[in-house]
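Inspection log for the structure reproduced underneath, given as C-alpha cells.
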Amino acid sequence: MSDLNVKVGLIGKLDMLKFKNMAKVREKAIQKAPAKEISGTFPVNENAKALHPDALELTVDNIIARGGAKTFVLKRPDGGPLPYFRAGQYLSLKLPLDGSLVTRSYSLCSSPKEALNGSYAITIRANPGGFAADRLLRDLKPGDKLIASAPQGFFYYEDLRDAGHVVGLAGGSGITPFLSMARAIADGIEDFSLTLLYGSRREEDVLFRGELDEIARSCPKFKVIYVLSDEERDCFEHGFLTAELIRKYAPADEDYSVFLCGPEAMYRFLQPEIEELGLPPRRFRRKLIDVTKSPWACEGYPAEAEGKSFSIRVKQGPEEWTVPASADEPVLVAIERAGIKAPSRCRAGECGWCRSRLLEGTVFIPKENEMRRWADVHYGYIHPCCSFPTSDLVLEIPGEFY
Ligand code: FES
C-alpha cells in the first residue's frame with residue numbers, strides 16, 4: 001500500500017472532506033427532526049409496490065384454445081399496466097380447490113412489452129389426473145377473477161452469466177418460457193440469439209407452431225427446430241433431444257449456454273447428454289415443470305419408505321394439526337389437502353417460499369430439486385414442496401402470506 005502513489009486534486013479533497021462530515025451532518029438532522037411518526041406515502045415506495053406487489057388481482061380477458069391446451073390472457077380489472085417481468089418468469093396462481101387453497105405456477109408466454117400494455121398470457125396444458133390443470137381448463141371463463149403472485153423465478157437470460165447464444169431445449173408445456181424469450185428478442189427487449197430445439201411426441205402435439213415460425217421468419221436472432229419422437233415427418237428432426245442434436249445446431253465457432261425447460265422424464269434423459277457436452281456449470285440453466293411422481297425411482301431413495309403412510313404434525317404460529325401423508329407425495333400436498341393454508345410459489349424447490357423447519361423426522365429430497373442454502377440444510381429447514389416424508393414428521397410452517 002505504501003508504494004501507491006495516488007494524487008488527489010482539490011475537488012477530490014473537498015469530496016473526501018464532505019464524506020468525512022457526512023455522519024455528523026446526518027446526526028444533526030436526526031436530532032433536529034420531530035419525534036413524530038412519518039405520515040403519507042413516498043413515490044419510491046409506491047413505485048416499488050407497483051413493480052413488486054405481494055399479489056395481483058387479475059381477470060380472464062380472453063381464452064385461446066390450442067389442441068389440448070388453452071392460452072389465458074389476463075388483465076387487471078381496471079385494465080391498467082401490469083408489473084414488468086423478465087422473459088422466462090412465471091406467475092403463481094392461488095386457487096381454492098376442494099376446500100383447499102393450493103398454488104400452481106405457470107410460465108408467462110407473452111412478451112414483457114405486453115405487461116406495460118396491461119396484459120399477461122399463460123398457457124395451461126391438459127394433465128389427466130392432475131389436481132388443478134384440468135379444472136382450470138374446464139372451468140375458467142372470460143370475466144373470472146384470479147389471484148396471482150407478481151412474476152417470479154430465475155429462468156431468464158442474464159448477460160453477465162450466459163453466453164450471447166442460447167440453445168433452448170423445450171419439452172411439452174416447457175415451450176412457454178421460450179416463447180416469451182423469442183417474443184422479447186423480436187421486440188428488442190432481450191439481446192441474445194436463441195436456437196430452440198423443441199421436442200414433442202407427434203406433430204399435433206407441437207404448441208405455438210404458427211407463432212414460433214412467424215418469429216423465426218422475421219427475427220434473425222431466433223431459430224426453431226421441431227423434434228418428434230413418435231413419428232417421422234419432412235422438415236422435422238426425428239428422435240429425442242440428445243448431445244448429438246445439440247452439437248448439430250449449436251454454433252460451432254461461438255460459446256453458448258444451454259437452457260432446459262421440460263418435464264421430469266426429459267430432464268432425467270438429458271442430464272447425461274448435457275454432461276457429455278462438457279459445458280462449464282454456469283452455461284447450463286434449467287427449469288423443472290414439476291416434482292417427481294415416483295420418488296422411489298430417484299437415486300438415494302430409502303427403499304424401506306416406499307409405499308408407506310405417515311403422519312405430519314404441522315405447527316403454524318399458535319395453531320397445530322396432525323395430517324396423514326403418503327410417502328409418494330410431497331409434504332406440501334399433504335398439508336394443502338388437509339385445508340391448511342401454506343405459502344408456496346414455484347413448487348419445485350427453487351423459490352424458498354415454502355421454507356419450513358423440520359423439528360422431527362426425516363424426508364427425501366430428489367437431487368434435481370435440492371436447492372436449499374447450506375445454512376438451511378445445516379439448521380434443519382426443508383422445502384415441503386419437493387420433500388417426501390420417510391417417517392412421521394413434526395414441521396413448523398410459515399404463516400400464510402402472499
Ligand atoms: S414453493 Fe418454491 S421452494 Fe417450495
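Whatever order the structure lists them in is the order used to number ligands and atoms, beginning at 1. Sequence positions, counted from 1, serve as the residue numbers for this chain.
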**OP:** Find all atoms of ligand 1 within a distance of less than 4.0 Å from any non-hydrogen atom belonging to His383, and give their numbers and elements.
**Re:** 3 (S)
Original post:
Taking only heavy atoms of Arg345, which atoms of ligand 1 are found under 4.0 Å from at least one of them?
Top reply: 1 (S)
Subject >> Proximal ligand 1 atoms for Arg347, defined as those under 4.0 Å from one of its heavy atoms >> reply: 1 (S), 2 (Fe)
**OP:** Please find out if atom 2 (Fe) of ligand 1 and some N, O or S atom of Cys386 are separated by less than 2.8 Å.
**Re:** no
Original post:
According to the interplanar angle, ranging from 0 to 90°, do the rings of Tyr157 and Phe192 count as parallel (below 30°), tilted (30 to 60°) or perpendicular (above 60°)?
Top reply: parallel
Original post:
What heavy-atom pair brings Val363 and Pro389 nearest, and what distance separates the two atoms?
Top reply: CG1-CA, 4.3 Å
Original post:
Which pair of non-hydrogen atoms, one from Ala305 and one from Tyr301, has the smallest distance, and what is that distance?
Top reply: CB-OH, 3.6 Å
Original post:
Does Phe236 have its ring centroid less than 6.0 Å away from the ring centroid of Tyr226?
Top reply: yes
Original post:
At a 4.0 Å threshold, what atoms of ligand 1 neighbour a non-hydrogen atom of Glu350?
Top reply: 3 (S)
Original post:
Where on Met371 is there a heavy atom closer than 4.0 Å to ligand 1, on the side chain, on the backbone, on both, or on neither?
Top reply: neither
**OP:** May I ask you to identify the nearest protein heavy atom to atom 3 (S) of ligand 1, giving residue, atom name and distance to one decimal place in Å?
**Re:** Gly352 N, 3.1 Å
Original post:
Do any of the N, O or S atoms of Cys351 sit under 2.8 Å from atom 4 (Fe) of ligand 1?
Top reply: no
Original post:
Rounded to 10°, how many degrees is the angle SG/Cys385-atom 4 (Fe) of ligand 1-SG/Cys354?
Top reply: 100°
Subject >> Parallel, tilted or perpendicular, as decided by the 30° and 60° cut-offs, for the rings of Phe155 and Phe259 >> reply: tilted
Original post:
Salt bridge check: are Asp255 and Arg283 linked by an N-O gap of less than 4.0 Å?
Top reply: yes
Subject >> Lys/Arg N to Asp/Glu carboxylate O, Arg347 vs Glu336, below 4.0 Å >> reply: yes
